[in-house]
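All remarks here apply to the structure that follows.
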Amino acid sequence: MGAHAGRRTLGTVSTTLPVPLGEPSSSARYTPGGDDARTYEVRTFGCQMNVHDSERISGLLEDAGLTAVEDGQADVVVFNTCAVRENADNKLYGNLGMLKAVKETRPGMQIAVGGCLAQKDRETILRKAPWVDAVFGTHNIGALPALLQRARHNQEAQLEILEALDVFPSTLPTRRESVYAGWVSVSVGCNNTCTFCIVPSLRGKERDRRPGEILAEIEALVADGAVEVTLLGQNVNSYGVEFGDRGAFAKLLRACGSVAGLERVRFTSPHPAAFTDDVIDAMAETPNVMPQLHMPLQSGSDKVLKDMRRSYRSARFLGILERVRERMPHAAISTDIIVGFPGETEEDFRATLDVVERSRFATAFTFQYSKRPGTPAAELPDQVPKAVVQERFERLTALQDRIAREENARQVGTLVEVLVTDQQGRKGGETHRLTGRARDQRLVHFSVPEGAQTPRPGDFVGLPITEAASFHLLSDPAPDEYALRRSRAGDAWDRSQADSCGVPTIVDGAPRAVSLGMPSLPVRTPGR
């Protein structure tokens, strides 16, 4: 995985920039998998794609012999960055500044920066923070261990940025954050040209994986204990465009229905312009595809949508939601909305409020427009004053909070099946409630009746909803209303806890660990 200046990969040239790091220290020797027991920490900013990339980064470092810690004392700290928001730069450099003093007291400590901001800023990171040891981009995650090794050996910071994908991330080792659920990338990159978005220039054009590879990875995750999988793509429902099959995503959803042991399938994020009825049919007709949809609106104003280069209009968006609810009446729909896009008038904003009211979103991720250098929108006239954006943002969030509270109130009295997670609500320590997700992805905090068996993360529990708030549901069931279903995922959780405590877990006569490495994939018919 070594990088050399001028090396060509997929028709592009990598960039390697050495920067002196000072005098060698006595602890500068490093060999992946060597005897020195080094530790690491990955700090992730941004979207689900970044979260999944961080699982790959963790897998690579563990494959190189490092051990994860979360005590702030790691020998290697990796920042996996996001470049979507305006304050992303400040957040990164603030964190790097705090680590500078730590590094000065700990010879041999290394800091690496990857992700979208690294792809964008490149040499700027090393100029502003010369104590950083390695900078890598979105296309060459797999180079990180070699960059760290070379930085220690040469006592020079290493920068490698590729302009196109080096190795598809799914082939890299993975340390999954959850034993009961997993992310599976179906594609990387994006072919859209939204004027506010910098992601296509940092992630590149869309590249699709073959269906057989995706299904093989899903089967491997299920064999390893997962019961839920989320399909990921920058534009997930345009999957298949690279190999000329516009119906590929619907086919993939249906194929997921035949994976034995896979109980829940989700996907994010689709684009309204490419969302077709065959996908709706596949969702409705495939039992393990969940009745939940994240559909980014961005704006309810057709004028603003045009300025954003979003190739749909509000009527099409509402039509999609109507057809989804015709086939899946209880589907929960969430969205993304940007407030204060350049040129947005009060009339435009009121159009957004109208679409939000009609859409009845279960959840909305609302953002104040953030000018990003390098995007067309940053150069548009009529940038909306900050005070106006803030006031509109508050009106929008107040409206959505009311709608979410009303929609959640409709769940009171219904019975839901909850997949128990290892997370805990803010008041969980006081209330002793556990947390899980319903089939429609709603967050449920629940109590276990006295005398009932406590579920493990990965188990399923049937519950009545007894109370609702804007952002979660509550369940305090009577003993006869509580139905626990223990699962393979719960068994996998038990094994992972034993492994983390140093207790060897024996499966079929051999030790087994579930958290590290990409499981070996079964051989499938090419092109399936």
Side-chain angles (χ1 to χ4, degrees), residues 48 51-52 55 174 176-186 214-233 236-237 239 249-270 279-295 324 327-334 362-363 411 414-423 434-446 455-463 465 472-473 475 483-493 496 514 519:
Q48 294 95 333
V51 173
H52 191 35
E55 292 184 332
T174 304
R176 288 163 48 210
E177 289 298 314
S178 166
V179 297
Y180 47 83
W183 309 97
V184 175
S185 292
V186 305
I214 297 168
L215 291 170
E217 183 176 352
I218 292 172
E219 290 171 352
L221 289 173
V222 172
D224 209 28
V227 292
E228 177 176 295
V229 162
T230 300
L231 306 177
L232 288 180
V236 68
N237 58 314
Y239 170 72
F249 188 65
K251 295 174 187 175
L252 181 61
L253 289 178
R254 292 183 185 276
C256 287
S258 65
V259 177
L262 179 60
E263 301 207 28
R264 294 187 173 189
V265 178
R266 306 185 191 278
F267 59 90
T268 194
S269 287
V279 173
I280 299 174
D281 292 340
M283 292 177 66
E285 296 166 9
T286 309
N288 64 356
V289 176
M290 294 296 94
Q292 174 250 331
L293 177 66
H294 184 75
M295 181 66 70
V324 167
R327 298 300 314 272
M328 293 169 283
H330 302 296
I333 299 174
S334 57
T363 307
Q411 308 302 310
T414 64
L415 296 176
V416 299
E417 181 186 62
V418 170
L419 172 59
V420 182
T421 70
D422 58 354
Q423 300 168 339
L434 302 179
T435 296
R437 292 281 181 178
R439 286 171 57 86
D440 63 8
Q441 193 68 341
R442 283 184 166 93
L443 186 67
V444 181
H445 302 306
F446 66 95
R456 307 159 298 178
D459 286 338
F460 294 88
V461 180
L463 300 161
I465 298 303
H472 63 264
L473 303 172
S475 177
L484 169 63
R485 177 163 64 90
R486 292 169 68 85
S487 74
R488 295 177 307 98
D491 296 340
W493 169 264
S496 71
V514 301

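Count residues from 1 along the sequence.
- When every heavy atom of Tyr180 is checked against every heavy atom of Gly458, the shortest pair comes out as CB-CA, 3.7 Å.
- When all heavy atoms of Leu262 and Val227 are compared, the closest pair comes out as CD1-O, 3.8 Å.
- Looking at residues two or more places apart in sequence or on another chain, you find no salt bridge (charged side-chain N to carboxylate O under 4.0 Å, His left out) involving Arg488.
- One distance of note links OG1 of Thr363 with CD of Gln441; it measures 8.5 Å at 0.5 Å rounding.
- Applying the salt bridge (charged side-chain N to carboxylate O under 4.0 Å, His left out) criterion to Arg266, with sequence neighbours excluded, gives Glu228.
- Residues Gly490 and Asp459 share a closest heavy-atom pair of CA-OD1, 3.6 Å.
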Kindly determine whether Leu215 and Leu252 satisfy side chain to side chain contact (heavy atoms under 4.5 Å, CB included), including the steps that lead there.
CA-CA 8 Å; Leu215 291 170; Leu252 181 61; 4.2 Å; yes
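- Closest approach of Pro291 to Asp440, counting heavy atoms only: O-CB, 3.7 Å.
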Evaluate Val265 against Met283 for side chain to side chain contact (heavy atoms under 4.5 Å, CB included), listing each step before the verdict.
CA-CA 9 Å; Val265 178; Met283 292 177 66; over 6 Å; no
When you look at Gln292 and Arg442, which way does the side chain to side chain contact (heavy atoms under 4.5 Å, CB included) test go after all the steps?
CA-CA 9 Å; Gln292 174 250 331; Arg442 283 184 166 93; over 6 Å; no
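- Taking the six-membered ring where tryptophan is involved, the planes of Phe267 and Phe249 are perpendicular, since the angle between them exceeds 60° and thus also 30°.
- Here the CG-OG distance, from Asp491 to Ser496, works out to 11.0 Å after rounding to the nearest 0.5 Å.
- Here OG of Ser178 is found 8.5 Å from CD of Glu55. Values are rounded to the nearest 0.5 Å.
- To the nearest 0.5 Å, atom NE2 of residue His472 and atom CD1 of residue Ile465 are 10.5 Å apart.
- When each of Leu434, Val444, Leu443, Thr435 is paired with Thr421, the side-chain contact (heavy atoms from CB on, under 4.5 Å) condition holds for Thr435 and for no other.
- Side-chain contact between Pro455 and Arg486 is absent, with no heavy atoms from C-beta onward closer than 4.5 Å.
- Ile218 is listed as a side-chain neighbour of Cys256, based on a closest heavy-atom distance under 4.5 Å.
- Minimum interatomic distance between Leu253 and Ala282 (heavy atoms only, all atoms of both residues): CB-CB, 4.1 Å.
- Between Leu484 and Arg456, the closest side-chain pair of non-hydrogen atoms is not below 4.5 Å.
- Nearest heavy atoms, Arg264 versus Glu417: NH2-O, 2.8 Å.
- A distance of 8.0 Å separates OG1 of Thr268 from CH2 of Trp183, quoted to the nearest 0.5 Å.
- Using a 4.5 Å heavy-atom cutoff, the side chains of Tyr239 and Ile214 are in contact.
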